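Since this is a predicted model, take the numbers as computed values, not measurements. Computed over heavy atoms, backbone and side chain alike; hydrogens, waters and symmetry mates excluded. For ligands, and for the atoms within them, numbers begin at 1 and follow the listed sequence.
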Amino acid sequence: MVQISAEGIRDAAAALRNGALVAFPTETVYGLGANAADSRAVAAIFQAKGRPRFNPLIVHVATREAAAALGHLTEAGTRLAEAFWPGPLTLVLQKRDGCPVADLATAGLDTVAVRVPAHPAAQALLQAAEVPIAAPSANRSGHVSPTTAQHVAADFATAGGGGIAMILDGGTTTIGLESTVVDATGVDPVVLRLGAVAREDIARVLGRPVALATGEQGKPASPGMLARHYAPAARLRLNATDVREDEALLAFGHTNVPAHAGIMLNLSWSGDLVEAAANLFSALRTLDAALEASGAKAIAVMPIPEQGLGEAINDRLRRAARPA
Ligand code: TXA
Ligand code: MG
């Protein structure tokens with residue numbers, strides 16, 4: 001645990017740039033941060049949290065300008081950003097071409113969730129890091145969000161520290177409730193997750209009522225489940241131990257199975273699940289595009305062990321394999 005100081009911030013920023021995980025305070029809850037442009041570092045977040053699935057993460061930046069460099073701010077999005085940033089609001093934006101955020105951080109979506117936090121330590125860290133920081137709440141999967149550095153340390157202690165390089169101790173967070181997540185990709189923004197900014201206040205800024213997204217059959221959706229899922233166009237055949245005539249291959253671990261369509265990507269030659277997670281979404285996208293060009297019909301996916309990050313990888317592959 002490191003107290004907030006110029007030196008502490010500098011060390012934390014350097015650690016983030018080098019691909020390490022740093023827990024840091026925001027005014028809502030503590031975040032578990034990684035360089036959002038580094039897919040291995042983002043995979044380490046999921047590994048540390050023990051999340052059984054990959055959901056898209058919030059990307060934190062220091063300024064509205066830095067946010068606008070990652071995603072398109074619509075007119076309504078700009079008004080919300082002006083009113084509530086820096087602060088406890090997250091805006092889901094259409095990703096810009098050339099947006100450096102790793103596919104794993106957005107779970108393969110073409111949108112990106114961006115937040116400019118107000119906490120002075122978070123601001124100092126983001127300015128010093130000079131890279132966008134992906135950060136979910138700094139708790140193990142299924143546990144409550146942490147509002148003190150001690151909560152973070154205690155929660156990850158049982159997981160051997162979770163591979164977290166540093167916890168910046170900024171005391172107790174003032175809000176203690178997560179940011180409000182608003183989909184600002186369309187003309188009419190929609191609240192995806194209720195949080196620290198009240199829906200009435202968003203409506204007041206927009207000058208019109210704002211809808212709260214609901215799940216299937218009109219039931220309120222559970223937080224975190226609202227993001228649409230990235231779905232490849234290609235058909236996936238899971239746990240494949242051979243490759244058929246018209247199939248490309250998504251391999252895992254050392255293999256000499258030839259892909260008949262001549263198209264093969266390996267998630268990790270060494271069988272490393274963190275590396276495989278880091279490569280998953282970009283591999284699916286690449287194979288999808290290659291299939292279209294080659295006339296191959298499907299992707300054979302080799303078995304991935306159901307342990308560690310393999311559970312989340314298999315969860316995502318099963319969803320991708322289901323017809324839309
Ligand atoms: O206060 C907070 O928001 C904290 C601090 C650390 O910033 N972060 C946080 O992150 O709560 P997390 O990962 O626990 O929640 C992220 C939420 C999820 O509900 C997720 O589905 C949504 O943001 N989200 C992220 N990217 C999205 C996207 N592209 N489209 C729709 N929803 C998205
Ligand atoms: Mg959370």
With heavy atoms of [X] as the reference, note each atom of ligand 1 found under 4.0 Å away.
X      : value
Leu192 : 31 (C), 32 (N)
Ile58  : 3 (O), 8 (N), 9 (C), 10 (O), 16 (C), 23 (O)
Thr111 : 28 (C), 29 (N), 30 (N)
Leu109 : 29 (N)
Ala113 : 25 (C), 26 (N), 27 (C)
His60  : 5 (C), 6 (C), 7 (O)
Ser137 : 8 (N), 9 (C), 10 (O), 14 (O)
Arg115 : 1 (O), 2 (C), 5 (C), 7 (O)

Quick one: are [X] and [Y] in side-chain contact, heavy atoms under 4.5 Å?
X      : Y      : value
Ile45  : Arg51  : no
Leu104 : Leu280 : no
Leu73  : Leu91  : yes

Is there a salt bridge (Lys or Arg N to Asp or Glu O under 4.0 Å) between Asp246 and Arg235 once you walk through the steps? CA-CA 11 Å; Asp246 55 359; Arg235 193 160 50 76; 5.4 Å; no
Between [X] and ligand 1, does any nitrogen or oxygen pair lie at a separation below 3.5 Å?
X     : value
Asn55 : no
Thr28 : yes
Thr26 : no

Under 4.0 Å, heavy-atom basis, I'd like to know which part of [X] is in contact with ligand 1: side chain, backbone, both or neither.
X      : answer
Arg193 : side chain
Thr106 : neither
Gln94  : neither

Give the single entry among Gly71, Pro56, Ala107, Pro146 that approaches atom 22 (C) of ligand 1 most closely by any heavy atom. Pro56
Option nearest atom 30 (N) of ligand 1 (shortest heavy-atom distance, choices Asn139, Val92, Leu89): Val92
Let me confirm one number: the CG-CZ distance from Leu57 to Arg115, rounded to the nearest 0.5 Å. 14.0 Å
If I take atom OG1 from residue Thr255 and atom CG from residue Asn266, how far apart are they, to the nearest 0.5 angstrom? 7.5 Å
Verify whether one side chain among Asn139 and Ser137 offers a donor that lies under 3.5 Å from an acceptor in the other. yes
Donor + acceptor pair across side chains of Gln127, Gln123 (<3.5 Å): yes
Step by step, would you call Asp288 with Leu284 a side chain to side chain contact (heavy atoms under 4.5 Å, CB included)? CA-CA 6 Å; Asp288 229 4; Leu284 287 173; over 6 Å; no
Could you tell me whether ligand 1 has any atom less than 4.0 Å away from a heavy atom of His119? no
If you compare all heavy atoms of Thr180 against all heavy atoms of Ala196, which two are closest, and at what distance to 0.1 Å? OG1-N, 3.2 Å
Are the aromatic rings of Phe54 and Phe46 close, with centres under 6.0 Å apart? yes
Candidate list Leu250, Leu309, Asn314, Asn239, test side-chain contact (heavy atoms from CB on, under 4.5 Å), partner Ile304, passing option: Asn314
Are more than 12 heavy atoms from other residues, nucleotides or ligands located less than 6.0 Å from atom CZ of Arg208? yes
Are Phe281 and Leu238 connected in the hydrophobic side-chain network, where two residues link if heavy atoms are under 4.5 Å apart? yes
For the Mg ion (ligand 2), protein N, O or S atoms at a distance below 2.8 Å amount to 1
